[in-house]
Amino acid sequence: MKQVFLILCIFLLSHSHTSFAESKKTIFTLSDVIEFALQNNPDIMTSISDIRSETFGVKAALSEKMPKFDFNTGLTRSRYPSPVTPISGSPLEGAGFPEFDETIYDFGVSLTLPLYRGG
């Protein structure tokens, strides 16, 4: 077990290096160090990715001003037949009962046109 740990430590030490250590320079100027820090700062990288994601949020907000189509579908299957249309009136007056079915299909399309979207 100690041999495996020793081999693992040697491997990690021999392969651990940073991009700053890969360069063959031995003397670094202040501008080199600042440039390296700016390129590898995780806070700056996070800020850049936040800015990119917020641009998509702005595009999504602008798309809310556009017309939108929604397609709806549905299927209801009951154990016992149920009325397809609501029961209204009296069957004695000649209105009759509506159709009954176990499977009811539903589909539709809706269009949304925003008239005003803003502040």
Side-chain angles (χ1 to χ4, degrees):
M1 183 70 186
K2 290 182 182 181
Q3 293 172 346
V4 173
F5 181 71
L6 182 62
I7 292 171
L8 183 63
C9 288
I10 292 172
F11 177 77
L12 288 176
L13 288 174
S14 66
H15 286 82
S16 64
H17 48 73
T18 63
S19 61
F20 208 55
E22 287 177 3
S23 66
K24 303 298 180 191
K25 285 177 96 175
T26 56
I27 299 174
F28 299 101
T29 63
L30 180 61
S31 60
D32 291 339
V33 173
I34 291 173
E35 180 182 346
F36 178 79
L38 289 175
Q39 289 176 355
N40 296 308
N41 188 345
D43 290 335
I44 294 175
M45 291 180 192
T46 304
S47 298
I48 291 171
S49 66
D50 288 345
I51 290 170
R52 287 181 185 157
S53 65
E54 289 299 322
T55 57
F56 291 117
V58 170
K59 290 179 182 179
L62 289 175
S63 70
E64 290 293 323
K65 294 181 178 181
M66 301 301 292
K68 184 174 21 173
F69 283 102
D70 289 325
F71 298 98
N72 307 328
T73 59
L75 171 71
T76 304
R77 183 157 177 97
S78 304
R79 183 174 182 181
Y80 301 107
S82 58
V84 176
T85 58
I87 297 175
S88 62
S90 171
L92 299 176
E93 294 177 3
F97 283 107
E99 296 180 31
F100 282 71
D101 200 356
E102 294 174 356
T103 306
I104 299 174
Y105 301 98
D106 179 29
F107 58 92
V109 177
S110 64
L111 170 67
T112 305
L113 283 169
L115 296 177
Y116 176 75
R117 198 86 175 173

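We count residues from 1, following the sequence as given.
From Leu115, atom CG reaches atom NZ of Lys65 across 13.5 Å, with rounding to the nearest 0.5 Å. A distance of 8.5 Å separates CE of Met45 from CD of Gln39, quoted to the nearest 0.5 Å. One finds the CG atom of Asp43 at 11.0 Å from the CD1 atom of Ile48 (value rounded to the nearest 0.5 Å). Atom CG of Asn41 sits about 12.5 Å away from atom CD1 of Ile34, to the nearest 0.5 Å. Here CZ of Arg52 is found 11.5 Å from OG of Ser47. Values are rounded to the nearest 0.5 Å. Remark: Met66 CE to Thr112 OG1 distance equals 13.0 Å, nearest 0.5 Å.
Considering all non-hydrogen atoms of both residues, Asp101 and Thr103 come closest at OD2-O, 3.0 Å. Heavy-atom minimum distance, Ser63 versus Ala60: OG-O, 2.6 Å. Between Arg79 and Glu102, the shortest heavy-atom distance links the atoms O-OE2, 4.0 Å.
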Original post:
For Asn72 and Asp106, what are the C-alpha separation, side-chain angles and deciding distance, and is it a side chain to side chain contact (heavy atoms under 4.5 Å, CB included)?
Top reply: CA-CA 8 Å; Asn72 307 328; Asp106 179 29; over 6 Å; no

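Both Leu111 and Phe71 are members of a single hydrophobic cluster when ILVMFWY side chains are connected at heavy-atom separations under 4.5 Å. When hydrophobic clusters are built by joining Ile, Leu, Val, Met, Phe, Trp and Tyr residues whose side-chain heavy atoms come closer than 4.5 Å, directly or via intermediates, Tyr105 is not grouped with Val109. Two different hydrophobic clusters hold Phe69 and Phe107 under the rule that ILVMFWY side chains link at heavy-atom gaps under 4.5 Å.
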